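As the structure is a computational prediction, the values presented were derived from the model and not from experiment. To find a chain, count down the sequence lines: A is the first, B the second, and so on, and within it residues start at 1. Computed over heavy atoms, backbone and side chain alike; hydrogens, waters and symmetry mates excluded.
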Protein chains: 2
Amino acid sequence: MSTTAPIPVDVRDAVHATARRARAASRQLALLTRAEKDAALTALADAIDAEAQSVVAANVEDLERGRAKGLPANLLDRLTLDVERVHSVASALRDVAALPDPVGEVVRGSTLANGLQIRQVRVPMGVVGMIYEARPNVTVDAAGLGLKSGNAVILRGGSAAASTNVRLVEILRAALEARGLNPDAINLLTEGGHDAGRALMTARGLVDLVIPRGGASLIQTVVTESTVPVIETGVGNCHVYVDAAADPEMAVRIVTNSKTHRTSVCNAAESLLVHRAIADTVLPAILRELGAAGVTVHGDPEVLRYAETVGVAHVPVTDEDDDTEFLSLDISARVVDDLDAAIAHVQEHTSGHTEAIVTGDRAAARRFTTEVDAAAVMVNASTRFTDGGEFGFGAEIGISTQKLHARGPMALPELTTTKWVVEGDGQVR
Amino acid sequence: MSTTAPIPVDVRDAVHATARRARAASRQLALLTRAEKDAALTALADAIDAEAQSVVAANVEDLERGRAKGLPANLLDRLTLDVERVHSVASALRDVAALPDPVGEVVRGSTLANGLQIRQVRVPMGVVGMIYEARPNVTVDAAGLGLKSGNAVILRGGSAAASTNVRLVEILRAALEARGLNPDAINLLTEGGHDAGRALMTARGLVDLVIPRGGASLIQTVVTESTVPVIETGVGNCHVYVDAAADPEMAVRIVTNSKTHRTSVCNAAESLLVHRAIADTVLPAILRELGAAGVTVHGDPEVLRYAETVGVAHVPVTDEDDDTEFLSLDISARVVDDLDAAIAHVQEHTSGHTEAIVTGDRAAARRFTTEVDAAAVMVNASTRFTDGGEFGFGAEIGISTQKLHARGPMALPELTTTKWVVEGDGQVR
């Protein structure tokens, strides 16, 4: 029997009231021209710049609370904003202003035999909820992408960044109001803890979309409890498969970069597969490079043999490792018999984020890109390239690992829906 | 406390086993060329034609069971297949064969500054679940659209059509097998009743998408219980707003057609709004036509005054009527003060399906199409045109009333997702 603790009525009512105000604001946002939205984004950026000191002061409160609670150093680092970082957060809003406006784009259209003119037009979603952890720059990015795409946003940030988020949203709302815009375009849920997040994800009819951005457990909760449509983001158990026909030097470079360039991100590699025919040639060099970067290899017996020879830190790989997003200097590694075995392994263990093959063989590349089912499939490139910025989309709201609506880096167009506009002169059926 | 009866383990295991077989079949489907899929669709159509008598015999069993249970005549009619209707069900598969293949379409792409070539390619969803009621033609349509779009389907039809659906799916699976294709591309859940449907909608990771097609209560259940992504379809509380600047004759024609052309469908009109300035001119004629077609008008006091004069059947409109999809010869009707009031009423009561304005005023049409938030907004055309066939898409799998992924008539492209294929020559970050 699935049981879920009820959401306290006062929390639910408060979230619903916020959502109704956001809905009213979204109607105004939907009518703004690109020029009006871009001017507003620039004004928001200027306001954050002008108030940078107060943001840093609020951030210090968060950091002190975090230290008192014993937050690990890497989390504290992700949380920290100095004046320079605040300016770069503000400047991201100017970058959003420079991006094309997706709203109003005519996606397709035609004139039907009966003379009806139909066109599918891109329009804002309406009210977008976002539930996320730690980094306060997400607050400003989400507000900016929401504004540009004509959506009101309801943000539920992590408690670790509570003071910073409150200050940032105060600044943003005041800047909207100063321009005669409805401040309810940008909302932060500050009360009610996790229950507020749950009220947000069940505010069906009031909220059009919820995007969780964070660890696997947050995403699992949202997916299970939400009755509002959800876009799942971010869990990446990314594989690099080194094919028999790989260029060895390229294989070393791509594996090392995919694993070690930045370990805490969803597009980092977590699993290495090496074709048996090339294992002798490439595995010692790959393991040496990984070892030099401080990586611990979770290897099958064959990999462990090489690891011992090379002297890299190693442990036996477990079944659980095959499905683990380490987000650390760890990688699971197996030798596979052939391309079929590599594809079968990836198909079984992929989280649907990014999968890469290193090969000089056209047929192998074609099979891998066709048969592997993931948001992005790379041939001879680092998994780290699955990123809105790298793809040239500007700021991203997350990387969707689901198949519905958006798959891969989500930028402005993914924050919109479409509407069919049908114009006639009296047609009936 | 929300409590849900547990799904019996044997039902869940059976559905999961079906889903795993469907997944395996979907991998084969994803690799088929358009020519192979079209030939298979034609073979499926031929098989149904050849076995038409056995389908009718199975259908007779359903009808007898339905009559014994006291099913209403209109439901029995929707359920009935004679040989001619079976041939038209088969011929729908040939129509699907003639449609373009969405799989493999390159949606967008570019070459990045670092030389990476990226392209977003349309690919099948994988395994699509469909939960629907009554009409057995949906079984064949869903199987055909699934095959063409490269998806395996798991169908959970209504119990009223159980024997017909079993026979149809037997024929389809045998025809696949005869062509050397995996019959698990088309699956019907026959055991476990509603629990099988619930097991399907919670088979996260095994099923990529669930589409409910049926009444409001079915859709509500799926939306609440599903952990698999859902596309909501079909509930249409469609309004026709007759603006002050409407052509009166056109207004009568569009209102009458929208309400009475076919009442049991989601794109039928359920609510009429008339601008006060034109009420005297158009309402008597509209009510006279509706009355002639047997419609009962649920009117506000002003509408009731006209209704009495004209002699059409009428009752006072209730608040509940404003949100009711009658699917019958009933319509709610109100006089409104102006365009603002009309838009506000529609915004409050729309189910997001189709909303229409009748007007000769460009500015009013522009405001209505911009501000009303629905899958389709009509100007001077019947609400009945929101339909995949009418839009020229061929067969449709349903009409999405949600904003995520698909909005409005869902055809082949809406049964696909995309994948980023990134090709490099050793790029790292």
Chain A heavy atoms under 4.5 Å from [X]: which part of the residue, side chain, backbone, both or neither?
X        : result
B/Val372 : backbone
B/Ala374 : backbone
B/Glu249 : neither
B/Val230 : backbone
B/Glu232 : side chain
B/Leu404 : both
B/Asn114 : side chain

Tell me, out of [options], who's got the most heavy-atom pairs with chain B below 4.5 Å.
options                                : answer
A/His261, A/Glu371, A/Gln347           : A/Gln347
A/Thr370, A/Thr383, A/Val123           : A/Thr370
A/Pro409, A/Pro229, A/Ala375           : A/Ala375
A/Arg429, A/Gln120, A/Glu390, A/Arg262 : A/Arg429

Between [X] and [Y] (side chain of the first, backbone of the second, donor and acceptor by atom type, cut-off under 3.5 Å), is there such a pair?
X        : Y        : value
A/Glu414 : A/Glu396 : no
B/Asn267 : B/Gly236 : no
A/Arg204 : A/Thr227 : yes
B/Thr260 : B/Ala293 : no

Please rank [options] by heavy-atom pairs under 4.5 Å with chain A and give me the top one.
options                                : value
B/Arg27, B/Met378, B/Met250, B/Glu423  : B/Arg27
B/Val228, B/Ile118, B/Ile7             : B/Ile118
B/Val428, B/Thr256, B/Leu112, B/Ile254 : B/Val428

Query - Qualifying residue for side chain to side chain contact (heavy atoms under 4.5 Å, CB included) with B/Thr233, from B/Ile399, B/Ile211, B/Thr401 - result: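 In the set B/Ile399, B/Ile211, B/Thr401, the residue that makes a side chain to side chain contact (heavy atoms under 4.5 Å, CB included) with B/Thr233 is B/Ile211.
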Query raised in the report: How close do A/Arg407 and A/Gln402 get, heavy atom to heavy atom, and via which atoms?
Result: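 Scanning both residues completely, I find the closest heavy atoms to be CG-O, 3.2 Å.
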Query raised in the report: Where do A/Val210 and A/Pro212 come nearest, in terms of heavy atoms and distance?
Result: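 Taking A/Val210 first and A/Pro212 second, the nearest heavy atoms are O-CD, 3.7 Å.
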Query raised in the report: Regarding A/Arg108 and the six-membered ring of B/Phe391, is the cationic atom NZ or CZ under 6.0 Å from the ring centre and inside 45° of its axis?
Result: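 Output no; distance or angle outside limits.
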Query raised in the report: Is A/Arg23 paired with A/Asp208 through a side-chain N to carboxylate O contact shorter than 4.0 Å?
Result: yes
